[in-house]
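Here the structure is a predicted model, which is why all the values come from computation and not from measurement. Atom set for the values below is all heavy atoms of this structure, side chains included, hydrogens, waters and symmetry mates excluded. Just so we're on the same page: letters track the sequence lines, and every chain starts at 1.
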2 protein chains.
Amino acid sequence: MSENLRSATLTPTMDDVARTAGVSRATVSRVLAGTARVAESTEDRVLQAIKQLGYVPNRMAQSLATRSSGLVGLLLRDPRKSAYGLLHSELQQLSDRANLQLITVVPSSTEASAAEKQALQRLLGLRVDGLFVATGVIGPEDLAPFLSVVPVVSVGRPEAHDGVYGVSYDEVAHGHMAADLLLRHGHRDIAVLATAASVSVPESVRAEAIVSRLRERGAAVHRVEATTFGIGAEHSHRIADMVREGTITAVAFPTDDRALDFLTIARKSGLRVPGEVSVIGMDGISPAMAMIGLATVRIPIEAVADRAVTVMGDLLEHRDSLPIRHEKFRGHTVDGPTLGPPPRRKS
Amino acid sequence: MSENLRSATLTPTMDDVARTAGVSRATVSRVLAGTARVAESTEDRVLQAIKQLGYVPNRMAQSLATRSSGLVGLLLRDPRKSAYGLLHSELQQLSDRANLQLITVVPSSTEASAAEKQALQRLLGLRVDGLFVATGVIGPEDLAPFLSVVPVVSVGRPEAHDGVYGVSYDEVAHGHMAADLLLRHGHRDIAVLATAASVSVPESVRAEAIVSRLRERGAAVHRVEATTFGIGAEHSHRIADMVREGTITAVAFPTDDRALDFLTIARKSGLRVPGEVSVIGMDGISPAMAMIGLATVRIPIEAVADRAVTVMGDLLEHRDSLPIRHEKFRGHTVDGPTLGPPPRRKS
DNA sequence: CTGAAAGCGCTTACAG
DNA sequence: CTGAAAGCGCTTACAG
């Protein structure tokens with residue numbers, strides 16, 4: 001209590017500035033806003049007073065008076081993952097450049113859905129002018145009540161709600177790209193780690209796209225089902241066995257992490273990559289992967305972030321005239337030393 | 001303009017709630033705060049109205065009235081780096097648990113110092129009650145003016161200012177730990193990649209600590225100076241040459257990234273790890289590194305985050321009674337398959 | 001247990 | 001070019 005009073009006393013207010021500059025509050029406000037004309041001499045006095053007092057305008061009060069916070073919120077899923085880290089960084093920089101003040105809130109991961117709702121409330125309570133949602137769990141039904149109040153752009157996640165503008169990745173195309181790259185290297189017997197949709201929707205979409213494209217092109221596909229969330233070394237061992245048995249000459253993974261797990265196990269057990277088996281992952285984000293030289297499909301995070309910020313800018317300008325769409329971007333394949341021609345058949 | 005008016009109209013206000021519940025604004029406020037006693041029947045009507053209107057209290061207005069935002073700001077350096085990502089995630093979760101509402105701002109990296117000041121302003125403008133600073137560039141002189149207004153906890157960076165509470169890593173100890181682990185494995189001829197302080201202060205501190213501990217213990221140290229910010233493959237090649245010449249049997253790196261670069265190059269050129277050379281990195285954050293099995297020193301990010309949040313809580317409770325300190329935490333060594341005994345001398 | 005009223009720090013017509 | 005005043009959406013003594 002006394003803290004507040006004290007710091008309230010200590011923090012200079014616009015009135016303080018006005019008084020020490022010998023003008024009215026309105027004038028200080030005008031100088032700060034830079035909109036109306038102010039005599040140069042008074043402006044100087046005001047600026048001087050601001051500097052002298054170390055005055056920082058109270059945005060809370062500004063927002064209240066303007067009925068607009070000038071803030072754009074970002075609901076971010078899991079900062080520990082490089083892909084979200086990069087997305088965060090890109091959104092931040094592009095928003096800055098577009099003069100949108102981005103503030104980020106991360107739902108604490110325990111009890112996902114409740115946490116996301118709470119994080120959403122926090123942002124809405126701050127009366128953000130716009131909202132980026134880069135989170136998996138939150139459903140359309142939680143978003144819907146606020147769509148009329150604040151423009152929402154869903155970023156990097158497949159968007160189903162048609163009141164929400166969506167900018168995300170074309171995971172089907174990515175799956176096709178990975179498949180095509182393996183085919184181009186001459187592989188016809190290929191394992192695909194197929195993540196269950198219950199584990200991860202995007203992973204599952206990628207895997208199914210790989211599988212169907214390979215089949216379309218006449219390759220023999222060996223599905224290895226992944227039904228656990230972790231990386232599960234059994235899958236890698238199973239695939240290594242298939243290589244030794246001569247069943248497959250290549251393997252595609254729906255994420256770089258899973259591919260890396262296989263690489264590690266393959267190396268330990270003396271399997272040569274790409275001599276005996278070619279490997280491709282998907283994501284292309286982690287610099288560690290790049291160093292290792294893992295072939296992959298690079299997700300277009302930068303393009304998605306860029307488009308999302310542009311859309312948000314447009315939405316903030318003229319809300320109603322922009323038709324809501326769900327856009328998808330595709331990345332590019334990254335060939336690498338984990339990819340080679342299939343080994344010659346021994347028999 | 002008209003947007004604002006419209007959404008102002010659309011967003012229900014406390015008055016709307018009061019009106020539809022047939023009570024006064026004060027009563028609604030009391031129900032929300034949960035402090036004062038309210039008759040159960042009125043409380044029900046109010047709750048009902050809140051739900052019906054989809055009312056979200058305007059925190060800006062609350063802050064203004066309470067002179068306290070209930071917010072704690074986090075100034076975060078670079079979300080692309082896993083270490084910062086993990087720190088962000090930990091701070092977020094622990095803050096949640098401590099009932100501190102964390103909001104994060106990332107200075108856009110172009111023109112570091114100016115961007116950080118701007119991000120700082122944004123947070124101060126929001127009148128955060130406390131501030132975590134996890135950023136490299138911002139100097140004490142920029143922080144100083146606000147220390148009397150808001151408690152600041154510097155997290156994960158060496159803190160020099162004695163008005164700022166510091167919670168960070170004991171990088172000297174980490175260097176010693178890495179050195180000791182190599183010695184324990186029997187190595188006596190060891191290369192150390194020594195990053196220049198101008199490139200990265202923490203890296204340089206780590207490297208110098210490794211060097212001095214090794215020398216203290218009588219090992220022959222071969223410094224390889226790194227003066228560029230990137231990972232620089234030349235260093236890795238130089239070290240590989242030293243291995244081939246039989247000059248060294250082990251190498252220590254001040255970061256996992258740099259160690260990984262060497263590992264990749266070593267493998268490509270047919271050097272056996274740890275058969276011919278043992279390798280240790282530092283950080284221990286990236287899951288990719290764990291999979292590869294890189295020996296390292298794990299930085300205690302969780303412990304630092306935990307302590308930082310505790311300190312912030314205390315500071316917010318009783319500002320003046322908590323003496324300002326600079327605490328340092330140490331992590332633990334992670335032995336791994338990149339470490340083995342030195343090879344027998346051929347001659 | 002509840003309401004009328006003042007006040008938090010700003011902005012912005014409205015006068016001058 | 002400048003100031004007095006109303007109002008943004010809340011909270012909180014103060015009465016009752």
Side-chain angles (χ1 to χ4, degrees), chain A residues 1 3-19 21-46 49-50 53 55-71 124-127 129 149, chain B residues 1-2 4-19 21-46 49-50 53 55-71 124-127 129 149:
Chain A
M1 284 294 115
E3 245 80 17
N4 288 337
L5 292 179
R6 200 183 55 132
S7 58
T9 311
L10 284 186
T11 311
T13 182
M14 186 177 266
D15 262 324
D16 297 328
V17 175
R19 211 171 306 124
V23 298
S24 78
R25 224 180 323 127
T27 300
V28 177
S29 180
R30 284 178 191 119
V31 170
L32 247 23
T35 64
R37 301 209 81 59
V38 178
E40 201 160 331
S41 63
T42 40
E43 173 158 0
D44 285 347
R45 290 211 315 284
V46 170
I50 287 177
L53 297 175
Y55 170 70
V56 178
N58 185 332
R59 296 207 47 120
M60 303 278 184
Q62 287 182 323
S63 311
L64 206 56
T66 8
R67 297 176 245 355
S68 141
S69 65
L71 257 28
L124 290 172
L126 251 19
R127 291 296 187 268
D129 293 339
V149 175
Chain B
M1 286 297 113
S2 71
N4 290 336
L5 292 180
R6 201 181 56 130
S7 57
T9 311
L10 284 186
T11 311
T13 182
M14 187 177 265
D15 262 323
D16 298 326
V17 175
R19 213 170 305 122
V23 297
S24 78
R25 222 179 327 125
T27 299
V28 176
S29 179
R30 284 179 192 118
V31 170
L32 247 22
T35 65
R37 300 210 82 59
V38 178
E40 201 160 329
S41 63
T42 39
E43 174 159 359
D44 285 348
R45 291 211 314 285
V46 170
I50 287 177
L53 298 176
Y55 169 69
V56 177
N58 185 332
R59 297 210 44 120
M60 304 277 185
Q62 288 182 323
S63 310
L64 206 56
T66 21
R67 295 176 244 359
S68 141
S69 65
L71 258 29
L124 291 172
L126 250 19
R127 291 295 187 267
D129 294 339
V149 175

Enquirer: Whole-Å distance between D:dC10 P and B:Asp16 CG?
Expert: 9 Å

Enquirer: At 4.0 Å (heavy atoms only), tell me whether B:Ala39 reaches a base, stays on the sugar-phosphate, or touches nothing.
Expert: sugar-phosphate

Enquirer: Heavy atoms under 4.0 Å, any strand shown: does A:Thr42 hit a base, just sugar-phosphate, or nothing?
Expert: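 Sugar-phosphate only.
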
Enquirer: Looking only at side-chain atoms of B:Thr66, point me to the closest of D:dT2, D:dT12, D:dC10.
Expert: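 Among the listed nucleotides, the one closest to the side chain of B:Thr66 is D:dT12.
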
Enquirer: C:dC10, D:dG9, D:dT12: which one has an atom nearest the side-chain heavy atoms of B:Ala61?
Expert: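 Per side-chain heavy atoms of B:Ala61, the pick is D:dG9.
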
Enquirer: Tell me the interatomic distance from B:Ile50, atom CD1, to D:dC10, atom C1', rounded to whole angstroms.
Expert: 13 Å

Enquirer: Given that B:Val38 and B:Leu64 both sit by DNA chain C, which one's nearest nucleotide is further toward the 5' end?
Expert: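 Per heavy-atom nearest nucleotide, the more 5' residue is B:Val38.
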
Enquirer: Please determine, for the side chain of B:Ala26, which listed nucleotide (C:dC1, D:dT12, C:dT12) has the closest atom?
Expert: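 Ranking C:dC1, D:dT12, C:dT12 by closest atom to the B:Ala26 side chain puts D:dT12 first.
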
Enquirer: State which of C:dG9, C:dA4, D:dG9 makes the closest approach to the side chain of B:Asn58.
Expert: D:dG9

Enquirer: Looking at the side chain of B:Thr13, which of D:dG9, C:dT11, D:dG3 is the nearest nucleotide?
Expert: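 Ranking D:dG9, C:dT11, D:dG3 by closest atom to the B:Thr13 side chain puts D:dG9 first.
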
Enquirer: With no angle test and no hydrogens, is the base of D:dG3 tied to the side chain of A:Arg30 by a donor-acceptor pair under 3.5 Å?
Expert: yes

Enquirer: Would you kindly give the CG-to-C1' distance between A:Leu126 and D:dG9, to the nearest whole Å?
Expert: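 From A:Leu126 CG to D:dG9 C1': 14 Å.
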
Enquirer: Quick check: any donor-acceptor pair below 3.5 Å linking the side-chain of A:Arg67 to the base of D:dG7?
Expert: no

Enquirer: How many angstroms lie between CE in A:Met14 and CD1 in A:Ile50, if you round to the nearest 0.5 Å?
Expert: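 Taking CE in A:Met14 and CD1 in A:Ile50, the distance rounds to 7.5 Å.
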
Enquirer: Kindly give the heavy-atom pair with the smallest separation between B:Pro12 and B:Leu53, and that separation in Å.
Expert: CG-O, 3.4 Å

Enquirer: Any side-chain heavy-atom pair from B:Thr13 and B:Asn58 closer than 4.5 angstrom?
Expert: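 A side-chain contact under 4.5 Å is absent here.
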
Enquirer: Nearest-Å distance, CZ (A:Arg37) to C1' (D:dG3)?
Expert: 19 Å

Enquirer: Is it the case that C:dT11 (base atoms only) and A:Arg25 (side chain only) share a donor and an acceptor within less than 3.5 Å, ignoring hydrogens and angles?
Expert: yes

Enquirer: Over how many whole Å does the gap from B:Gln62 atom CD to D:dT11 atom C1' extend?
Expert: 9 Å

Enquirer: Taking CG from B:Leu32 and P from D:dT12, how many angstroms apart are they, rounded to a whole number?
Expert: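 The answer, rounded to whole Å, is 12 Å.
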
Enquirer: Closest to the A:Ala65 side chain: D:dT12, D:dG7, D:dG3?
Expert: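 When the side chain of A:Ala65 is considered, D:dG7 is the closest of D:dT12, D:dG7, D:dG3.
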
Enquirer: Measure from the side chain of A:Ser29, starting at C-beta and using heavy atoms only, and say which of C:dC1, D:dC10, C:dT12 lies closest.
Expert: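 Among the listed nucleotides, the one closest to the side chain of A:Ser29 is C:dT12.
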
Enquirer: Would you mind reading off the distance between A:Arg19 atom CZ and D:dT2 atom P, rounded to a whole angstrom?
Expert: 19 Å

Enquirer: Starting at atom CG of B:Asp15, determine the distance to atom P of D:dC8, rounded to an integer number of angstrom.
Expert: 9 Å

Enquirer: Name the closest nucleotide to the A:Tyr55 side chain, picking from C:dG9, D:dT11, C:dC10.
Expert: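 Output: C:dC10.
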
Enquirer: So, using side chain to side chain contact (heavy atoms under 4.5 Å, CB included) as the criterion, who are the partners of B:Ser63 when residues are at least two apart?
Expert: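 If we apply the side chain to side chain contact (heavy atoms under 4.5 Å, CB included) test to B:Ser63, skipping adjacent residues, the hits are A:Met60, B:Ser69.
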
Enquirer: Within a strict 4.5 Å, meaning less than it, do heavy atoms of the B:Val56 and A:Arg127 side chains meet?
Expert: yes

Enquirer: Going from CD on B:Gln62 to CG on B:Leu64, what distance comes out if it is rounded to the nearest 0.5 angstrom?
Expert: 11.0 Å

Enquirer: Output yes when a side-chain donor or acceptor of B:Arg45 lies under 3.5 Å from a complementary backbone atom of B:Ala21, and no otherwise.
Expert: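 Side chain of B:Arg45 to backbone of B:Ala21: a pair is present.
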
Enquirer: Both B:Arg127 and B:Thr27 contact DNA chain C. Taking the nearest nucleotide for each, which residue is further toward the 5' end?
Expert: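 First, find each residue's nearest nucleotide; the 5'-ward one identifies B:Thr27.
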
Enquirer: Taking Watson-Crick (N1-N3 plus N6-O4 or O6-N4) and G-U wobble (N1-O2, O6-N3), each under 3.5 Å, can you produce the dot-bracket string of DNA chain D? Use [ ] for crossing pairs and | for inter-strand ones.
Expert: |||.||||||||.|||

Enquirer: In Å, rounded to the nearest 0.5 Å, how long is the span from CG of B:Asp16 to CZ of B:Arg25?
Expert: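 Those atoms lie 11.0 Å apart.
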
